[in-house]
Student: 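First the structure, which I've put down as structure tokens, then a few questions once you've had a look.
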Amino acid sequence: MDSYSDFDAAFVAERNRQFRAQVERRIDGSLTEDEFKPLRLMNGLYLQLHAYMLRVAVPYGTLSAAQMRQLAYIAERWDKGYGHFTTRQNIQFNWPKLRDVPDMLDALAEVQMHAIQTSGNTIRNVTADHFSGAAADEVADPRPVAELIRQWSTDHPEFQFLPRKFKIAVTGSQADRAVIRAHDIGLRVLERNGEQGYEVIVGGGLGRTPMIGKTLTEFLPKADLLPYLEAIVSVWNLLGRRDNKFKARIKITVHENGIDEIRRLVDDRFAETRTAFSGVDQEMLRAIEAQFAAPAFKQSGTEAYDTAYDADPVFRSWADTNLTAHRADGYAIVQISLKAHGATPGDASAEQMRVMADLAEQYAHGELRVSHEQNIVLPHVHKSDLPQIHAVLQQHGLATANIGLISDIIACPGMDYCALATARSIPIAQQIATRSDDLKREHEIGDLKIKISGCINACGHHHVGHIGILGLDRAGVENYQITLGGDHTENAALGQRTGPGFPAEEIVGAVETIVDTYLDIRTSAEETFIETFRRTGMAPFKAALYPEKEEKRDAA
């Protein structure tokens, strides 16, 4: 893992000192809220529906056990005893008092964390595949390059006042677990003829105008990455629509100018930026790569795992659902579900954070990851330790065997917290999950991604959910639109609207109707929901959701 240099520590300490003085001036009235707003946003502090919210950066989703423990301490000391893990692989504290925020930032700095550039029109937290460094299908660990990008983009003098926020995601596998095609820039590590490089994708994004990113270059040599990124952001910084914030994202710039024209402009700018990089960035990357060396994997038998798997059906169900193949023999990647049936997706109590930190320290080489799906990952676990881990998780409500299933729902905070939301997300997610548990058939249903957003900003990624749910305000009444067929993977696709929305009291039944239809028309238990939808299209689902329209059509 990366560690702060003396410069990093001094930089964060000075930022915190400045913000402490700004907070004092806001409290004593020297600063108005309008004057304070840009200052707090530069330090990740939002004003939500009921209280302030502090968003803490978790670069590329990687945490040490010590950092997770400190997050637990912060949750107990200055919040309400829990934190909310987000689709940006960050953590949010929803109830801090303004006067306490500087102390929270200082506590974060003690474990080399901060909240810088988690808000504002800057380059935000760089996200990555949550299986980075562990996945069996990985070409290379993408976290070193994500760290290089983080260092380059933090406080970059040219990119602090961009047309809008800017998001970058990186994956090292053909399988996309980082949603790279729904980001302003998506990077995929490639190897071609023994040389490492990147596929560079631009212009993705969700929100009110969702778009799938387009490939700008199929193979960019490794040494050219930073000057090429600088060229992309520079071009957009000049072209981006500052007259209309709803059209300011790079996806609109690409759409309005065309990918070929953007490529020409970027190439022209790249010819200039390339000469400004002397190679020191590659020296930095090599030093960073050394910090991300794989842990010393142990060589041991897996008899304890094999015995538990054969003898304990509860353990077997969890293992089948929550474990993923690791690149090292005898190891597994463990996904810890933060989606217990009826719980708030992505929330973890301080106690649960400490439990996960302890497990990481004892069994997983001290590492944890935050997934964009709002779960926690132990990336390196020897199979012989899995029965003990599962037993501890059971004791603390963390052993739900539902990763990738219907109750493993992504949901934004919605109108329970967010000032921008137009409908609630959390209660809908809770009701769907509880209903699926009541029916005891989510394992029969299989792989199914439900994603819920409480407004058109799409923080819940509903556009790329197999079933996407968007909550809207219709004349003061919550109404939920449904989309089907979205996909966040390497086969990225935007969902299609089914038709008119449903009131809150009907949305769970509508989801159940969709699932029933899928189970009726799938060709076999092996055909997933998304495969069935791609085979049949919208028609059977629409007919089931809106039978009155089918009756009228038949009568005509």
Side-chain angles (χ1 to χ4, degrees), residues 339 341-342 345 402 404-412 414 422-454 458 460-474 477-488 493-556:
K339 316 284 182 59
H341 299 105
N402 66 342
L405 303 182
I406 189 172
S407 61
D408 183 16
I409 298 170
I410 287 178
C412 73
T422 49
R424 293 168 297 168
S425 299
I426 293 170
I428 303 304
Q430 291 170 323
Q431 291 167 31
I432 293 171
T434 301
R435 180 60 177 160
S436 72
D437 189 42
D438 290 342
L439 295 173
K440 301 300 180 189
R441 63 175 185 173
E442 58 184 332
H443 287 269
E444 176 194 354
I445 296 166
D447 183 53
L448 178 56
K449 304 286 190 181
I450 296 182
K451 306 178 194 289
I452 306 175
S453 298
H461 292 193
H462 68 275
H463 294 295
V464 290
H466 297 162
I467 300 176
I469 300 174
L470 168 62
L472 296 170
D473 182 316
R474 289 283 185 259
V477 177
E478 290 170 293
N479 184 271
Y480 295 86
Q481 291 180 356
I482 296 177
T483 54
L484 300 179
D487 191 346
H488 74 268
L494 300 174
Q496 304 169 35
R497 274 188 60 188
T498 60
F502 296 85
E505 61 271 17
E506 295 180 14
I507 186 63
V508 177
V511 171
E512 195 168 330
T513 296
I514 293 167
V515 172
D516 288 341
T517 303
Y518 155 63
L519 292 175
D520 286 343
I521 65 176
R522 68 183 181 181
T523 57
S524 70
E526 285 68 45
E527 186 177 60
T528 64
F529 178 89
I530 192 65
E531 290 169 344
T532 298
F533 181 84
R534 288 171 179 160
R535 175 175 57 82
T536 67
M538 180 68 78
F541 299 98
K542 200 164 189 173
L545 283 171
Y546 309 103
E548 67 282 357
K549 292 193 174 183
E550 292 301 307
E551 291 172 6
K552 289 180 181 178
R553 187 178 295 113
D554 291 342

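Position 1 is the first residue of the sequence, and the numbers go up from there.
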Student: Between Ile409 and Lys339, is any pair of side-chain heavy atoms under 4.5 Å apart?
Tutor: no

Student: So which of His463, Lys449, Arg534 actually passes side-chain hydrogen bond (donor to acceptor under 3.5 Å, both in side chains) with Asp487?
Tutor: Arg534

Student: Over all heavy atoms of both residues, which pair between Ser407 and His341 is shortest? Give the atoms and the distance, please.
Tutor: OG-NE2, 3.2 Å

Student: Answer yes or no: is there a side-chain heavy-atom contact under 4.5 Å between His466 and Thr528?
Tutor: no

Student: Could you check if a side-chain atom of Arg441 sits within less than 4.5 angstrom of a side-chain atom of Leu519, using non-hydrogen atoms only?
Tutor: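 In short, these two side chains touch, coming nearer than 4.5 Å.
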
Student: For Ala544 and Thr517, work out which heavy atoms get closest and say how close.
Tutor: CB-OG1, 3.2 Å

Student: Measuring from Ile469:CD1 to Ile410:CD1, what's the distance to the nearest 0.5 Å?
Tutor: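 Between Ile469 CD1 and Ile410 CD1, I get 12.5 Å after rounding to 0.5 Å.
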
Student: What distance separates Leu484 CG from Ile530 CD1, expressed to the nearest 0.5 Å?
Tutor: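 Going from CG on Leu484 over to CD1 on Ile530, the span is 8.5 Å.
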
Student: Can a donor-acceptor pair be found, under 3.5 Å and without considering hydrogens, that links the side chain of Thr434 to the backbone of Gln431?
Tutor: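 Side chain of Thr434 to backbone of Gln431, a donor-acceptor pair under 3.5 Å: no, none is there.
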
Student: Is it the case that the side chain of Glu478 and the backbone of Arg424 share a donor-acceptor pair, with hydrogens and angles ignored and the cut-off at 3.5 Å?
Tutor: yes

Student: Using side-chain heavy atoms (C-beta onward) and a distance below 4.5 Å, is Phe533 in contact with Gln496?
Tutor: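 The answer is yes; the side chains approach within 4.5 Å.
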
Student: Would you give the length of the straight line joining atom CZ of Arg497 to atom CE of Met538, rounded to the nearest 0.5 angstrom?
Tutor: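 Answer rounded to 0.5 Å: 10.0 Å.
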
Student: Do you know which two heavy atoms are closest between Val464 and Lys451, and how far apart they sit?
Tutor: O-CE, 3.3 Å

Student: Indicate yes or no: at least one non-hydrogen side-chain atom of Leu545 is less than 4.5 angstrom from one of Ile514.
Tutor: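 Yes, their side chains come closer than 4.5 Å.
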
Student: Holding to ring-ring contact (aromatic ring centres under 6.0 Å, His included), I want the full list of residues that pass it with His488, two or more places apart in sequence or in another chain.
Tutor: His372

Student: Could you pull out every donor-acceptor pair under 3.5 Å between side chains of residues 505-513 and any protein atom, sequence neighbours left out?
Tutor:
from, atom 1, to, atom 2, distance (Å)
Glu512, OE1, Arg435, NE, 2.9
Glu512, OE2, Arg435, NH2, 3.2
Thr513, OG1, Gly509, O, 3.0

Student: If I take atom CD1 from residue Ile450 and atom CD1 from residue Ile406, how far apart are they, to the nearest 0.5 angstrom?
Tutor: 4.0 Å

Student: For Ala493 versus Gly485, what's the shortest heavy-atom pair and its separation?
Tutor: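 Taking every non-hydrogen atom into account, CB-O, 4.0 Å.
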
Student: Could you grab the distance from atom CG of Asp447 to atom CG of Leu405, nearest 0.5 Å is fine?
Tutor: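 Answer rounded to 0.5 Å: 7.5 Å.
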
Student: I need the minimum non-hydrogen distance between Asp408 and Gly404, along with the two atoms involved.
Tutor: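 Taking every non-hydrogen atom into account, OD2-N, 2.8 Å.
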
Student: How close do Ser425 and Gly414 get, heavy atom to heavy atom, and via which atoms?
Tutor: OG-CA, 3.8 Å

Student: When rounded to the nearest 0.5 angstrom, what is the spacing between CG in Leu470 and NE2 in His462?
Tutor: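 Going from CG on Leu470 over to NE2 on His462, the span is 4.0 Å.
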
Student: Give me each pair satisfying ring pair (Phe, Tyr, Trp, His ring centres under 6.0 Å) with a member in residues 501-520, each pair once, sequence neighbours excluded.
Tutor: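 The answer is Phe502-Tyr546, Tyr518-Phe529.
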
Student: Applying the side-chain contact (heavy atoms from CB on, under 4.5 Å) test to Phe541, which of Ile521, Ile467, Ile482, Thr498 qualifies?
Tutor: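 For Phe541, the side-chain contact (heavy atoms from CB on, under 4.5 Å) check succeeds only for Ile521.
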
Student: Has the side chain of Thr422 got a donor or acceptor atom that lies under 3.5 Å from a matching backbone atom of Gly454?
Tutor: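 Yes; judged by distance alone, with no hydrogens or angles, the pair exists.
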
